[in-house]
Amino acid sequence: MGEVRVRFAPAPTGELHVGGARTALYNWLFARGRGGRFILRIEDTDPERSREEWVEAILASLRWLGLDWDEGPQVGGDFGPYRQSLRLALYREKAEELKERGLAYPCYCTPAELEARRREALSRGASPGYDGRCRNLSVEERKALEREGRRPALRFRVPPGRTSFRDIIRGEVSFSHEDLEDFVILRSDGLPTYLLAAAVDDALMRITHVIRGEDLLPATPRQILLLEAMGAKPPEYAHLPLLVGPDRQPLSKRHGATSVDWYRQAGYLPEALLNYLALLGWSYDGVREEFTLEELVSLFDLERVGKNPAAFDMDKLTAFNARALRRLSDAEFARRALPFLERSGLGLEGSGMETLERAAPLVKERVSRLDQVPSLLEFLFIEAEYDEEAEKVLREAPPELLPAVLEALEGLGIWERGAIEAALRRVQQELGLTPRAAFQPIRAAVTFRTVSPPLFESVELLGRERTLKRLKTALGRR
RNA sequence: GGCCCCGUCGUCUAGCGGCCUAGGACACCGCCCUCUCAAGGCGGAGACACGAGUUCGAAUCUCGUCGGGGCCGCCA
């Protein structure tokens with residue numbers, strides 16, 4: 001048994017989406033868990049749809065997720081190049097070979113003609129696939145069609161019979177060749193189609209296991225046929241259940257966030273996204289749900305991947321993210337939150353990073369995404385405006401409260417949480433107020449909000465000078 | 001329309017013939033804790049699509065019905 005070699009082969013037609021990320025993850029986990037190699041291949045044979053910026057975006061998202069590849073763009077490897085647009089001659093050569101052996105034949109039908117016939121077939125309830133019109137053209141007929149200026153595409157001549165294979169996830173799957181139709185392997189412009197390019201590359205790159213979405217299940221018998229025609233041994237196949245939206249429809253933009261990068265910007269942790277994605281179609285024992293990437297590597301198993309489409313549930317992802325955030329050390333939390341503060345225009349010069357780290361334990365359990373951090377900690381870095389609720393609380397506060405608080409805090413010897421709490425509770429009790437009635441106005445004055453990290457810690461963190469200043473400002477407004 | 005795949009709480013799932021009065025998680029509801037918001041603790045509601053069959057016994061096996069999805073492109 002040779003080395004396991006798997007590949008993730010995205011087409012650069014958009015950002016990496018969560019479905020693709022899950023496919024990449026399963027491939028990666030399988031490779032890492034079996035001491036194999038994870039190969040990244042860019043399927044950019046269609047110049048119409050492929051764009052360089054998407055290649056960059058996909059690589060960046062994979063890197064952010066931490067799914068590193070052993071062979072592929074930017075890292076090289078012995079079976080490159082790893083971009084199909086750089087391998088076009090190879091595909092043309094293989095296609096030519098098949099044609100010479102009579103296993104493929106030129107088809108002169110134009111896309112418009114094919115489309116018309118498809119429609120027609122569909123309208124009378126027949127199968128819309130290729131009708132085999134050019135399958136048995138004579139040399140003369142071909143010449144005549146070429147004289148018309150038609151540039152042929154190359155179609156694979158599907159032989160009679162049946163192709164069966166054992167899918168690791170689905171078990172025995174079987175297709176009658178009668179339902180396959182002769183498919184195009186080389187477009188009339190000389191570019192290969194997916195069916196050919198993927199088959200050629202899977203063979204040349206010695207791929208041992210193809211792990212991909214269920215949408216490609218019907219492509220499998222065709223690729224096996226091609227592989228066999230080329231004298232290559234087909235790899236093992238594992239077709240993952242599709243990811244769907246809350247409405248059970250295929251996951252798409254209209255469900256909102258589908259791109260991995262959106263989740264990065266929204267403050268999701270890559271480890272949380274990966275953990276959640278791992279569970280979308282796979283489970284360990286149905287009870288344990290939280291795993292580190294290392295644990296997933298040793299526990300993941302294709303045999304335990306389910307067969308039914310899984311609905312992507314952002315709420316559950318968010319719950320995973322919230323717990324992952326709480327597990328972070330204070331320093332790590334601060335490091336990860338920093339870009340979000342900067343993005344919100346909160347510069348952290350001087351001792352800012354230290355403040356952020358000290359605030360980490362206070363905010364960690366109050367946010368489920370990093371993009372919620374800035375609004376909670378803003379008061380530590382800038383003089384903000386009171387929000388509407390804070391405004392109201394201050395307006396309705398007992399008039400004697402703030403002056404008493406000011407006096408109590410001004411007299412504090414050491415500016416420390418315990419002392420601050422003692423002082424504030426004393427004021428609260430002396431004025432005969434409930435804790436809430438006393439503390440909410442203080443919170444509003446000091447943090448500009450009615451929702452904030454715990455009051456005493458917030459006051460300590462803010463420091464004596466700024467706290468007193470804010471209390472005075474609030475008093476002056478009355 | 002044809003072919004293929006799939007069907008356990010709203011969602012992700014455990015279950016691979018008796019351990020199931022079907023377990024866990026998210027979401028939801030209630031209570032507790034509490035300086036706000038959270039977090040946390042405790043409790044609750046909530047599913048085997050349906051119908052036959054096999055069997056002493058079926059969520060688990062078989063068939064059918066119904067339902068959902070994928071593919072049928074010179075996209076991948």
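Looking at A:E93 and A:R87, no side-chain N of the basic residue comes within less than 4.0 Å of a carboxylate O on the acidic one, giving no salt bridge. No salt bridge links A:R358 with A:E457; every basic N to acidic carboxylate O contact stays at or beyond 4.0 Å. Looking at A:R41 and A:E43, a side-chain N of the basic residue comes within less than 4.0 Å of a carboxylate O on the acidic one, giving a salt bridge. Ionic pairing of A:R426 and A:E430 is not present here: no N-O contact between side-chain nitrogen and carboxylate oxygen is shorter than 4.0 angstrom. Using a 4.0 Å cut-off between charged side-chain N and carboxylate O, A:E421 and A:R425 make a salt bridge.
Within residues 150-165 of chain A, the residues having any heavy atom under 4.0 Å from RNA chain B are, by residue number, A:A153, A:R155.
Counting non-hydrogen atoms under 4.0 angstrom, A:R49 reaches a base of the nucleic acid. A:P246 comes within 4.0 angstrom of nothing in the nucleic acid, heavy atoms only. Among the atoms of the strands shown, only primed sugar atoms or phosphate atoms (P, OP1, OP2) are found under 4.0 Å from some heavy atom of A:G281. Note on A:R288: nothing from the nucleic acid sits closer than 4.0 angstrom, heavy atoms only. Residue contacts shown for A:T434 are absent, as no nucleic acid heavy atom lies under 4.0 Å away. Base engagement by A:F456 is indicated by at least one non-hydrogen atom pair under 4.0 Å involving a base atom. Among the atoms of the strands shown, base atoms are found under 4.0 Å from some heavy atom of A:S188.
Using P as the reference atom, B:rA45 and B:rG53 are 34 Å apart when rounded to the nearest Å. Atom name P, nucleotides B:rC31 and B:rC48: the rounded distance is 30 Å, in whole Å. With P as the reference atom, B:rC5 and B:rG43 are 45 Å apart, rounded to whole Å. Separating the P atom of B:rC29 from that of B:rC3 is a span of 47 Å, rounded to the nearest Å. Only the P atoms considered, B:rG2 is 42 Å distant from B:rC19, to the nearest whole Å. Across the P atoms, B:rU65 and B:rC9 are found 23 Å apart, a figure rounded to whole Å. Nucleotides B:rA52 and B:rG44, compared at atom C1', are 37 Å apart to the nearest Å. Nucleotides B:rU54 and B:rG73 place their C1' atoms 46 Å apart, quoted to the nearest Å.
Contacts of A:D182 classified as side chain to side chain contact (heavy atoms under 4.5 Å, CB included), with partners at least two apart in sequence or in another chain: A:Y105, A:Y130, A:R135, A:R155, A:V158. Residues satisfying the side chain to side chain contact (heavy atoms under 4.5 Å, CB included) criterion with A:S123, sequence neighbours excluded, are absent altogether.
B:rC71 is paired with B:rG2 under the criterion used here, namely a Watson-Crick or G-U wobble arrangement in which both key atom distances are under 3.5 Å. The partner of B:rA39 is absent, by the rule that a Watson-Crick or G-U pair needs both atom distances under 3.5 Å. When both distances must be under 3.5 Å, the Watson-Crick or G-U wobble mate of B:rA22 does not exist. Pairing for B:rC28 is with B:rG44, a Watson-Crick or G-U wobble pair whose two hydrogen-bonding atom distances lie under 3.5 Å. Pair check for B:rA52 finds B:rU62; Watson-Crick or G-U wobble, both atom distances under 3.5 Å. Using Watson-Crick or G-U wobble geometry with both donor-acceptor distances under 3.5 Å, B:rC9 finds no partner in any strand shown.
For A:Y263 and A:N321, the side-chain atoms include no donor-acceptor pair closer than 3.5 Å. For the 3.5 Å distance criterion, the side chains of A:T110 and A:R151 fail to qualify, holding no donor opposite an acceptor. Side-chain contact of A:R170 with A:H239: a donor-acceptor pair under 3.5 Å is absent, judged by distance alone.
B:rG2 atom P lies 17 Å from atom CD of A:E120, rounded to whole Å. Atom pair A:Q440:CD and B:rU34:P shows a separation of 16 Å (rounding to whole Å applied). With rounding to whole Å, A:K307 atom NZ is found 7 Å from B:rG7 atom P. Computed from coordinates, the A:D387 CG to B:rC37 P distance equals 14 Å when rounded to whole Å. The distance from atom CZ of A:R327 to atom C1' of B:rA39 is 14 Å, rounded to the nearest whole Å. Atom C1' of nucleotide B:rG24 and atom CG of A:L279 are separated by 11 Å, given to the nearest angstrom. Remark: C1' of B:rU36 and OH of A:Y386 are 17 Å apart, rounded to the nearest angstrom. Rounded to whole Å, atom P of B:rU13 lies 14 Å from atom CZ of A:F291.
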Name the pairs: protein N/O against N/O of nucleotides 25-32 of chain B, kept only if under 3.5 Å.
from, atom 1, to, atom 2, distance (Å)
B:rA25, O4', A:E289, OE1, 3.4
B:rA25, O2', A:E289, OE1, 2.5
B:rA25, O2', A:K316, NZ, 3.4
B:rA25, N3, A:K316, NZ, 2.9
B:rC26, OP1, A:R323, NH1, 3.2
B:rC26, O2', A:K316, N, 3.3

Pull out every protein N or O sitting under 3.5 Å from an N or O of nucleotides 64-72 of chain B, one pair per line with the distance.
from, atom 1, to, atom 2, distance (Å)
B:rG69, OP1, A:Q249, OE1, 2.5

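Once rounded to the nearest 0.5 Å, the distance linking OG1 of A:T258 with CD of A:E15 reads 8.5 Å.
Heavy-atom nearest nucleotides on RNA chain B were determined for A:Y108 and for A:R366, and the one closer to the 5' end corresponds to A:R366. For A:S176 and A:D285, each mapped to the nucleotide of RNA chain B holding its nearest heavy atom, the one lying further toward the 5' end belongs to A:S176.
In terms of phosphate contacts, A:T447 brings no side-chain nitrogen or oxygen within less than 4.0 Å of OP1 or OP2 of B:rU36. An OP1 or OP2 oxygen of B:rA14 is reached within less than 4.0 angstrom by a side-chain nitrogen or oxygen of A:S283. Within the 4.0 Å cut-off from OP1 or OP2 of B:rC35, at least one side-chain nitrogen or oxygen of A:R425 is found. One finds a side-chain N or O of A:N308 lying less than 4.0 angstrom from the OP1 or OP2 phosphate oxygen of B:rU8.
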Below 3.5 Å, can you tabulate the donor-acceptor pairs from side chains in residues 433-441 of chain A to any protein atom, sequence neighbours excluded?
from, atom 1, to, atom 2, distance (Å)
A:T434, OG1, A:A437, N, 3.0
A:Q440, OE1, A:R443, NE, 2.7
A:Q440, NE2, A:T450, O, 3.3

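Proximity of the aromatic rings of A:F183 and A:F156 is defined here by a centroid distance below 6.0 angstrom, and this criterion is met. Here the two rings, on A:Y268 and A:F320, have centers that are 6.0 Å apart or farther. Taking the centre of each ring, A:W282 and A:F300 come in below the 6.0 Å mark.
Considering only the side chain of A:T45, B:rA76 comes nearest among B:rC12, B:rA76, B:rC35. Nearest to the side chain of A:P111, among B:rG40, B:rC75, B:rC74, sits B:rC74.
Side-chain atoms of A:R436 and base atoms of B:rC35 include no donor and acceptor less than 3.5 Å apart.
Remark: A:R22 is positioned above the aromatic ring of A:Y26, its terminal NZ or CZ atom under 6.0 angstrom from the ring centre and at most 45 degrees off the axis.
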